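Have a look at the structure below, then the notes.
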Amino acid sequence: LEIAKHGFPTAGLKALNDHLSRNSYVSGPTVSDRDLETLKQIGKNTAEYPNVERWMRHVAAVQKRNAGGNLPPFAPVGRPIAGAAPPAAAAKDKPASKAPPAKAAAKAAAEPADAAVAAQGEKVRALKAAKAPKAEIDAAVAELLALKKQAGVEPAGKDKGKPEAKAKAGKDKGKQEPAAPVDPAVEAQGNKVRELKAAKAPKAEIDAAVAVLLELKAKVGGGKAAPKAKAKAEPKAKAKAKAKVKPGEEDTKGITERKDDNFSEWYTQVITRAELIEYYEISGCYILRPAAYFMWEVVQRFFDSEIKKLGVKNSYFPLFVTRRALETEQDHVEGFSPEVAWVTKYGDSDMAEPVAIRPTSETIMYPAYAKWIRSHRDLPLKLNQWTSVVRWEFKQPTPFIRTREFLWQEGHTAHATDKEAEEMVYKILDLYVANYEELLAVPVVKGIKSEKEKFAGGKMTTTVEGYIPTNGRAIQAATSHHLGQNFSRMFGIEFETASKEKEHVHQTSWGFTTRSLGVMIMTHGDDKGLVLPPRVAQIQVVLIPLPFKDQPLEVAAKKCEEFYKELKAAGVRVHLDDRNNYTPGWKYNHWELKGVPLRVELGPKDMDNQTVRVVRRDTGAKEDMPWAGLTERIQSTLETIQKDMFTKAKANLDAGIEKITEWKDVMPALNRRKIVLLPWCETMESEEEMKAETQKEVPADVVEHDPEEGGAPALSGAMKALCIPLEQPPMPAGTKCIWTGQPAKRWCLFGRSY
């Protein structure tokens, strides 16, 4: 019914997934013809709709019921199963049992237990699919193991199937002892460990709590700690290094993971140890520390000054939106509804009408536009606001990249003609390119989104797409939307033309977020930590006076203070590190971790030669510079670093794009961490089919990282349409779509994406 009501595929699948997320079912013994027909229609389009996918498996299980076995009831991802165990199939549909009465009775007694095991297993899978807290998943797994033990289900293991194992199982059957009561101290400490993990506490703090828990368990268990599961074999050198580290003694200053080996953990260490991010107790929300916020301010200042040259003015609109306003544009709200956070209470009282926290501001701003715009003389209206929005993401949160609250600017303009609106869209897109390439030294691809990927309710979406070579993933860097007249019709934004006729305005909206900082970190960072482009670095130059055995530090420090004043007066963001309680080597590592573009060292020999040693963070190159004209040389070197960082990143982007014309070459390219440029017919059906096919063809030996916050696995996930590049390579006459064989319209960039 949901499919029939909303249409197939996208809107109907979203509606069906939403419907299934609110309901649990205990199926009857048959499947309707309507469900079977819908099953055929859905095909392989369920990758983004986990409850629909599970419903399909459930329907298949219903069809196979007569083959025997118990059928688990359907429950949506992240919800408990509602209702009783499924009804047994009719007796006439089953052959008469030939088992002896005792065995038949045992089998009948086991069926409810088997159903409970299946139901609990379904719950565990649902929690994992919904990325529930680890403590909640562990509790569900523990309950599943207990149910399996009660049902006599033999756990998988190396002894499975051995005669002695079977004999022991038979001997012990029926002699199951009740579980011993949990020691209160153990239970309290266990709860503390789970709370620390849920709050993303520092690893050292969690390890210390775990150590206390193990000690308590050892005391309760008679002096022996519970045996641990056998871990996967590690290289000897790595295992030896880990063995030396005791809880609470981990290196929390430097970067211990290599970027190419464990990208997720590397990213987490960089953003926390370089003091950009502090984790917060609400998952998906983060504290931006001063070094990170400074970079955002640099981006703000540049972009704000540029849009004002285009006649854009800043304003501020409320945080909340009513349900009526949010649902005015149906396609728009469907695109955001799974992510909308609602306020339902104040104090102890329920709200008369819940209000949403803005996921974006079209539905907040446009009722006001309808009041303010009456005549062609009121146009164009160009407003921007710097604010935060909330989108309650279901996907794994990643600081900067995918968060539940983020900072952004959103611009909204209204124009008299379609041409004016389109020109505005592309002017903003060019400014987004400048943000990335001129400030952050990150190359991007300008393009147009496919019909499936465009902004919900809009006419056209333009985009700039980034690329992370380490894991081969693309990332949507910023978007500028041409909304056409769809929203103006919905909100009644009309103007009277010079010829006294009524027309609806043509609108644009565009946004740029703190995601940009994450893209920059992933692009430039290395195994030592951050590598910052000079134009956004809070500290561009650090001065380090070096002590010598026969000379006091104060001599070099005093000269460094002179350089500090000269550089600061010239507008260089400089810091003098004259601390005497740290060694020079410690200081070098410290400032390399923080990504400071230039390090200037001054030691006794430098004093004698009237030079300084200048070290670049991006390349490690060293150069001795004379004191005379030092400020100008440093300024020039900073500009060179900015250009070199962009040039290196651009070369990586170009090398990461492969032009492909045969489908057999797509998966090998994706698995080499590439994004692919394909000839495409631009149909929504082919886009969905290609996405499903690449999901199906993911190599079986791909192992994803643990679901820690920080990054995406390199070789997993389906590819999607990233953009149709504005700069199109020549397309030979007669070129066919790589999937359908129909005439190709344009080259399109596809890839795995954040």
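As the structure is a computational prediction, the values presented were derived from the model and not from experiment.
A donor-acceptor pair under 3.5 Å is formed between the side chain of Gln642 and the backbone N or O of Leu439. A donor-acceptor pair under 3.5 Å is absent between the side-chain atoms of Asn609 and the main chain of Thr611, judged by distance alone. Judged purely by atom type and a 3.5 angstrom limit, Arg752 has no side-chain atom pairing as donor or acceptor with the backbone of Ala474. In this structure, Lys446 contributes its side chain and Glu727 its backbone to no donor-acceptor pair below 3.5 Å. Between the Glu410 side chain and the Ser361 main chain, a donor and an acceptor come within less than 3.5 Å of each other. In this structure, the side chain of Arg617 does not engage the main chain of Gly595 through any donor-acceptor pair within 3.5 Å. When atom types are taken as modelled, the side chain of Lys674 and the backbone of Gly751 share no donor-acceptor pair closer than 3.5 angstrom.
Tyr588 carries Arg599 over the face of its six-membered ring, with the cationic atom under 6.0 Å from the centre and within 45° of the normal. In this structure, Lys427 forms no cation-pi arrangement with Trp510, as its terminal cationic atom is not both closer than 6.0 Å to the ring centre and no more than 45° off the ring axis.
Side-chain polar atoms of Tyr267 and Asn471 form no donor-acceptor pair below 3.5 angstrom. Arg273 and Thr268 form no side-chain donor-acceptor contact under 3.5 Å, judged by distance and modelled atom types alone. Looking at Gln385 and Ser315, their side chains never bring a donor and an acceptor atom within 3.5 Å of each other.
For the side chain to side chain donor-acceptor pair (under 3.5 Å) test, no residue two or more places apart in sequence or in another chain qualifies with Trp266. Remark: Thr463 engages Glu465 in a side chain to side chain donor-acceptor pair (under 3.5 Å) (not counting sequence neighbours). Among residues two or more places apart in sequence or in another chain, the side chain to side chain donor-acceptor pair (under 3.5 Å) test is passed with Asp608 by none.
Heavy atoms of other residues, nucleotides or ligands lying less than 6.0 angstrom from NZ of Lys568 number 12 at most. The local environment of NZ in Lys622 is sparse, with at most 12 non-hydrogen atoms from other residues, nucleotides or ligands closer than 6.0 Å.
Salt-bridge annotation for Arg535 and Glu639: present, with a side-chain N of the basic residue lying under 4.0 Å from a carboxylate O of the acidic one. Ionic pairing of Asp618 and Lys648 is not present here: no N-O contact between side-chain nitrogen and carboxylate oxygen is shorter than 4.0 angstrom. No salt bridge links Asp526 with Lys528; every basic N to acidic carboxylate O contact stays at or beyond 4.0 Å. Of the charged side-chain nitrogens involved, at least one lies within less than 4.0 Å of a carboxylate oxygen, so that Glu275 and Lys594 count as a salt-bridged pair. Salt bridge absent: Glu623 and Arg613 never bring a charged side-chain N and a carboxylate O closer than 4.0 Å.
Residues Arg616 and Pro597 are not in side-chain contact: their nearest non-hydrogen atoms beyond the backbone lie 4.5 Å or more apart. In this structure, the side chains of Asp578 and Cys560 stay at 4.5 Å or more apart for every pair of heavy atoms.
If you take OH on Tyr754 and CZ on Arg515, they are separated by 10.0 Å, rounding to the nearest 0.5 Å. Atoms CG and NZ, on Leu546 and Lys587 in that order, are 8.0 Å from each other to the nearest 0.5 Å. Here CZ of Phe294 is found 12.0 Å from CD of Gln300. Values are rounded to the nearest 0.5 Å. Separating the CD atom in Glu405 from the CD1 atom in Ile357 is a distance of 9.0 Å, to the nearest 0.5 Å. A distance of 6.0 Å separates CG of Leu543 from CG of Leu576, quoted to the nearest 0.5 Å. Once rounded to the nearest 0.5 Å, the distance linking CD1 of Ile401 with OG1 of Thr513 reads 8.5 Å.
Partner of Gln540 under the side-chain contact (heavy atoms from CB on, under 4.5 Å) criterion, out of Val572, Leu567, Ile634: Val572 alone.
Between Trp386 and Phe303, the angle of the ring planes goes over 60°, which puts this pair in the perpendicular group of the 30/60° scheme. Ring geometry for Trp408 against Phe406 counts as perpendicular: the plane angle is over 60°, on a 0 to 90° scale with 30° as the lower cut.
Residues Phe512 and Tyr436 place their aromatic rings such that the two centres sit under 6.0 Å apart.
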Show the numbers, then the answer: is there a salt bridge (Lys or Arg N to Asp or Glu O under 4.0 Å) between Lys559 and Asp606? CA-CA 11 Å; Lys559 189 62 182 179; Asp606 302 311; over 6 Å; no
